[in-house]
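All ligand and atom numbering here is 1-based and tracks the order in the structure. Predicted, not measured: the structure shown is a model, and the values here were computed from it. For the numbers below, each heavy atom of this structure counts, side chains included, while hydrogens, waters and symmetry mates do not.
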Amino acid sequence: MALRSLALGCGSYLPAQVLTNEELSQRLQTSDIWIRKRTGICQRHIAADDEMTSDLGSAAARQALEQAGIDADEVDLIVCATSTPDETFPATATRIQEQIGCTRGAAFDIQAVCSGFVFALSVADNFLRLGQARTALVIGAETFSRILDWEDRGTCVLFGDGAGAVLLRAAENGGTPQDAGVISTHLYSDGRHHDALYVDGGPSSNGQVGHLRMEGKEVFRHAVVRMADAIDAALEKNDLKASDIDWMVPHQANIRIIESMAKRLDLPKERVVVTVDRHANTSAASIPLALCEAVTDGRIKRGDLILMEAMGGGFTWGSALLRW
Ligand code: UT7
């Protein structure tokens, strides 16, 4: 017997305002065709002026608690992955903790940009498997619209706002890849690639919030190679084959990256959860948003094997295997 982190429920939240490619093409030198063809994105959600990352995260967290049938006061760990915190400090996780009415345990943020959810899942899973917490909310919440340079067509068309959450609870089971729960997580970073994807501001550099800067082609090139390596590591570690995967729930940055990962695994497109067309890239929120969509509409069922993979600024990248 082994302690496993079982996923009891998930939740998501998207701000009401939708910004289409068409609307962007009226403000910028871009077009719906270019954005669709190069990225697969058709629209993105944008947080209202009075909506903060913690509001998005709390809405997703409440839904995850409800789906899991768990009270907020049973939660003893909140890990929030975000690169767009409400404030420099305290952690957005503590704002969420307060908003959902939870007063126990620990709440803190994880910063691994678009890989944030996989990193947060890994941290929470380790807490649960070591017995340091029993019930964890793992949240990815972002308001990237606040750090975009809305005059830079190379970046502002790519991102959106949103949040997703998963409720984990520690339980004993056989601990094999056939048993439910988080099977393994695989995390990597390489700080030499800072300049390819970063925000040109921060409390200790220039005291500004800053804007996202990206060399898209360079990130693309690394993403396909590094995520493929992370997927191989996950399958190898658990003695699984690509054909064992029921669902790929990838980070949603670009449909071309998602399709190349699926092709490599020989996964038919019906087995890949895609939200990039409607959500764009919501950074740490993109995987839990996609996961929640497929769980809620009944595609992902109990017992299904889910592969998640992501790559983001740092660079950071990683993968996770979860049996729902
Ligand atoms: O989540 C974190 C990880 N991030 C990613 O995974 C993003 C990875 N990168 C990408 O998805 C792609 O590289 C982009 C979608 C960002 C860009 O696509 P690309 O095929 O690499 O295009 P490009 O940057 O090479 O640009 C091609 C052309 C350029 O014009 P010239 O120099 O060929 O005349 C750009 O100036 O497209 C131009 N361009 C645009 N045109 C219309 C760039 N952005 C736009 C735009 N609308 N929004």
Side-chain angles (χ1 to χ4, degrees), residues 19-44 81-84 110-120 140-145 147-162 164 187-191 193-199 211-231 248-262 274-277 279-290 308-319:
L19 178 63
T20 63
N21 292 349
E22 209 53 68
E23 288 169 90
L24 277 173
S25 67
Q26 280 154 26
R27 306 187 199 159
L28 283 164
Q29 273 267 312
T30 188
S31 67
D32 176 47
I33 294 221
W34 190 95
I35 303 170
R36 264 179 216 255
K37 228 176 114 200
R38 305 311 296 164
T39 70
I41 296 165
C42 305
Q43 60 167 51
R44 68 286 294 141
T82 188
S83 301
T84 45
I110 287 280
Q111 222 279 45
V113 204
C114 297
S115 315
F117 184 76
V118 175
F119 276 58
E142 304 279 16
T143 47
F144 258 51
S145 61
I147 55 163
L148 296 174
D149 174 352
W150 285 100
E151 301 199 337
D152 175 15
R153 68 175 184 173
T155 55
C156 77
V157 304
L158 305 173
F159 296 90
D161 301 336
L187 310 182
Y188 311 90
S189 310
D190 185 345
H193 300 282
H194 167 275
D195 293 359
L197 181 49
Y198 67 103
V199 168
H211 291 118
L212 182 149
R213 305 293 174 205
M214 178 167 75
E215 289 171 35
K217 258 202 173 12
E218 181 72 357
V219 178
F220 192 111
R221 203 167 57 79
H222 281 277
V224 286
V225 177
R226 302 202 180 226
M227 288 197 295
D229 288 348
I231 292 171
M248 186 169 103
V249 183
H251 171 49
Q252 311 278 327
N254 188 316
I255 192 69
R256 292 185 287 141
I257 298 177
I258 295 172
E259 283 172 356
S260 92
M261 289 299 113
V274 174
T275 54
V276 69
D277 52 334
H279 303 172
N281 182 347
T282 56
S283 191
S286 92
I287 289 180
L289 269 166
M308 302 173 232
E309 31 91 349
M311 149 100 186
F315 291 148
T316 56
W317 66 101
S319 62

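- With a 4.0 Å heavy-atom cut-off, ligand 1 is reached by no atom of Thr155.
- When distances from atom 24 (O) of ligand 1 to the protein are checked, no heavy atom turns up under 4.0 Å.
- Taking Tyr188 as the reference, Trp317 meet the ring pair (Phe, Tyr, Trp, His ring centres under 6.0 Å) condition, with sequence neighbours excluded.
- Protein heavy atoms are found less than 4.0 angstrom from atom 40 (C) of ligand 1.
- Only the side chain of Ile257 comes within 4.0 Å of ligand 1, counting heavy atoms alone; its backbone N, CA, C and O stay farther away.
- Under the 4.5 Å side-chain criterion, counting only non-hydrogen atoms from C-beta, Gln252 is not in contact with Leu289.
- Ligand 1 has no atom lying under 4.0 Å from any heavy atom of Ala223.
- Of the candidates Asn254, Leu158, Ile35, Ile255, Leu158 brings a heavy atom nearest to atom 16 (C) of ligand 1.
- Among all non-hydrogen protein atoms, the one lying nearest atom 1 (O) of ligand 1 is Asn281 ND2, 2.7 Å.
- When non-hydrogen atoms are compared, ligand 1 lies under 4.0 Å from the side chain of Trp34 (C-beta onward) but not from its backbone.
- Listed by atom number, the atoms of ligand 1 under 4.0 Å from Arg38 heavy atoms are 20 (O).
- With respect to the salt-bridge test (charged N to carboxylate O, under 4.0 angstrom), the residues Asp195 and Arg213 do not qualify.
- Shown here is Glu151, whose CD atom has no more than 12 heavy atoms of other residues, nucleotides or ligands within 6.0 Å.
- Here the side chains of Ile287 and Val118 are in contact, with some heavy-atom distance below 4.5 Å.
- The Gly154 neighbourhood of ligand 1 comprises atoms 44 (N), with distances under 4.0 Å to a heavy atom of that residue.
- When each atom of ligand 1 is checked for a heavy atom of Cys114 under 4.0 Å away, the hits are 1 (O), 2 (C).
- Distance check for atom 48 (N) of ligand 1: a protein heavy atom is found below 4.0 Å.
- There is no protein heavy atom closer than 4.0 angstrom to atom 31 (P) of ligand 1.
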**Request:** Go through Asp32 and Ser25 one step at a time and tell me if the side chain to side chain donor-acceptor pair (under 3.5 Å) criterion holds.
**Result:** CA-CA 7 Å; Asp32 176 47; Ser25 67; over 6 Å; no
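- A 4.5 Å side-chain heavy-atom check between Leu158 and Met214 finds at least one atom pair inside the cut-off.
- Nearest residue to atom 19 (P) of ligand 1 from Lys217, His222, Lys37, His251 is Lys217 (criterion: closest heavy atom).
- Of the protein's non-hydrogen atoms, Arg153 NH2, 3.9 Å is the one closest to atom 35 (C) of ligand 1.
- Shortest contact from atom 9 (N) of ligand 1 to any protein heavy atom: Gly216 O, 3.0 Å.
- Comparing Leu24, Asp32, Thr39 against atom 15 (C) of ligand 1, the shortest heavy-atom distance belongs to Thr39.
- The environment of CD in Gln29 is sparse: at most 12 heavy-atom neighbours from other residues, nucleotides or ligands sit within 6.0 Å.
- Here the shortest heavy-atom pairing between Met248 and Ile258 reads CE-O, 3.6 Å.
- In this structure, the side chains of Ser319 and Met227 stay at 4.5 Å or more apart for every pair of heavy atoms.
- Which parts of ligand 1 touch Ala253 is read off a 4.0 Å heavy-atom cut-off, strictly below it: atoms 1 (O), 5 (C), 6 (O).
- Contact annotation for Val157 and ligand 1: only side-chain heavy atoms (C-beta onward) come within less than 4.0 Å of the ligand.
- Closest to atom 18 (O) of ligand 1, if we only count protein heavy atoms, is Arg256 NH2, 3.5 Å.
- Every residue two or more places apart in sequence or in another chain was checked for a ring pair (Phe, Tyr, Trp, His ring centres under 6.0 Å) with His211, and none qualifies.
- At a cut-off of 3.5 Å, with distance as the only test, a side-chain donor of Thr82 or Glu142 sits close to an acceptor on the other residue.
- Using a 4.5 Å heavy-atom cutoff, the side chains of Ile255 and Asp277 are not in contact.
- Of the polar atoms of Thr30, at least one N or O is found under 3.5 Å from an N or O of ligand 1, judged by distance alone.
- Of the protein's heavy atoms, Val219 CG1, 3.6 Å lies nearest to atom 3 (C) of ligand 1.
- Contact annotation: the side chain of Leu28 never approaches that of Trp150 to less than 4.5 Å [non-hydrogen atoms, C-beta and beyond].
- Each of the following atoms of ligand 1 lies closer than 4.0 Å to a heavy atom of Met311: 1 (O), 2 (C), 3 (C).
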